[in-house]
Amino acid sequence: MPTNILVIGASGQIGTELTLKLRELHGNAAVIASDIREGSEELMSSGPFEIANAMDFDAIEKLVGHYNIEVVYLMAAMLSATGEKVPMKAWALNMDSLFNVLNLAKDKKIKKVFWPSSIAVFGPSTPKEQTPQTTVMEPTTVYGISKQTGERWCSYYHKKYGVDVRSIRYPGIISYKTLPGGGTTDYAVEIFHEAMQNGKYTSFLSEETELPMMFMDDAIKATIDIMDAPSEAIKVRSSYNLSAMSFTPKILAEEVKRHLPEFEMNYEPDFRQDIADTWPSSIDDAEARADWNWSHNFNISELTDAMFTGIKSQLVSK
Ligand code: SER
């Protein structure tokens with residue numbers, strides 16, 4: 001019997017590609033995608049898909065029972081920029097969905113949980129360079145507060161109830177299959193689409209704003225690696241720092257110009273600049289590398305090449 005897996009938030013930026021990868025690894029029928037809205041054609045047609053609200057405990061419990069789910073990846077969340085516009089909604093979604101899944105694990109209805117945290121758990125009082133695994137955390141966004149609180153609850157459920165929950169603090173994730181929604185790092189995805197379609201882009205972050213970033217394939221690899229590691233290897237039960245590269249909008253614009261020499265970049269920082277200013281510029285992920293052998297494959301040039309190739313093939317097939 002294959003292990004049945006449920007991905008909640010499967011229509012989102014990371015959920016889409018995670019579901020497709022898990023289906024490749026475990027078979028299409030064993031990976032149930034769910035979201036409050038429909039996803040891409042590839043996601044919807046490649047295996048089971050169920051509309052469900054991550055905040056609705058009964059709906060999630062029903063799915064778990066119906067499909068004999070053992071492992072849940074909870075990818076539903078409201079991100080940093082959108083969260084600032086509707087703080088109470090962001091808090092409710094991010095916390096209720098987590099408690100729903102943690103409580104199913106506590107009651108032994110599921111065996112293993114993945115829940116993503118974020119660099120947003122850090123704040124202005126955190127050391128900015130090579131931010132350590134364990135450090136000052138005073139997040140200023142509702143998204144960051146929900147992720148920091150979520151980390152404490154993951155750790156609590158592990159210690160108190162033996163729940164096997166695993167988590168990583170994603171940096172900004174760059175991908176072409178599904179657009180990100182409402183994040184502070186989204187400029188690093190928008191730039192590619194705008195460059196290829198219009199030859200120019202206006203960044204909402206200033207040219208020198210350096211943030212930790214990662215190509216989607218590495219984020220998926222990290223997610224699957226941490227879930228495949230033996231339980232005793234996972235020593236951090238709040239969430240692991242995770243890093244691949246850091247760059248500024250200016251450096252990324254230079255990379256885009258390698259492909260499109262005429263590309264024009266402008267800067268009009270908005271409210272998202274204030275969020276970015278509170279986040280680390282680089283992350284020390286030595287513990288993830290030591291505990292479960294994390295390593296990344298993509299640097300900024302490889303990421304840029306992969307984005308150009310990916311978006312080009314999408315534009316051709318449209
Ligand atoms: N990419 C996320 C955001 O910008 C950070 O986790 O909100």
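Each ligand, and each atom within it, is numbered from 1 in the order the structure gives. Below, each value reflects all heavy atoms present in this structure, side chains not excepted, and no hydrogens, waters or symmetry copies.
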>> Within the structure, is a non-hydrogen atom of W279 found at a distance of less than 4.0 Å from ligand 1?
In response: yes

> What are the atoms of ligand 1, with element, lying closer than 4.0 Å to any heavy atom of T184?
Replying inline: 3 (C), 4 (O), 7 (O)

>> Looking at non-hydrogen atoms alone, which of T185, D186, L211 comes nearest to atom 1 (N) of ligand 1?
In response: T185

>> Check for me whether R272 meets the cation-pi criterion with F204, that is, NZ or CZ under 6.0 Å from the six-membered ring centre and within 45 degrees of the ring axis.
In response: yes

> If hydrogens are left out, which of S117, S118, A77 has an atom nearest to atom 6 (O) of ligand 1, that is, the closest non-hydrogen atom?
Replying inline: S118

> Considering only heavy atoms of S80, which atoms of ligand 1 have at least one such atom less than 4.0 Å away?
Replying inline: 3 (C), 4 (O), 7 (O)

>> Before we go on, tell me: are the rings of Y73 and W115 under 6.0 Å apart, centre to centre?
In response: no

> Distance-only, no hydrogens or angles: does the N198 side chain make a donor-acceptor pair with backbone N or O of K200 under 3.5 Å?
Replying inline: no

> Which of the atoms in ligand 1, numbered in the order shown and given with their element, are less than 4.0 Å from a heavy-atom of L79?
Replying inline: 7 (O)

>> Which heavy atom of I5 sits nearest to which heavy atom of H26, and what is that distance?
In response: CD1-CD2, 3.7 Å

>> So for atom NZ, which belongs to K21, do other residues, nucleotides or ligands contribute more than 12 heavy atoms lying within a distance under 6.0 Å?
In response: no

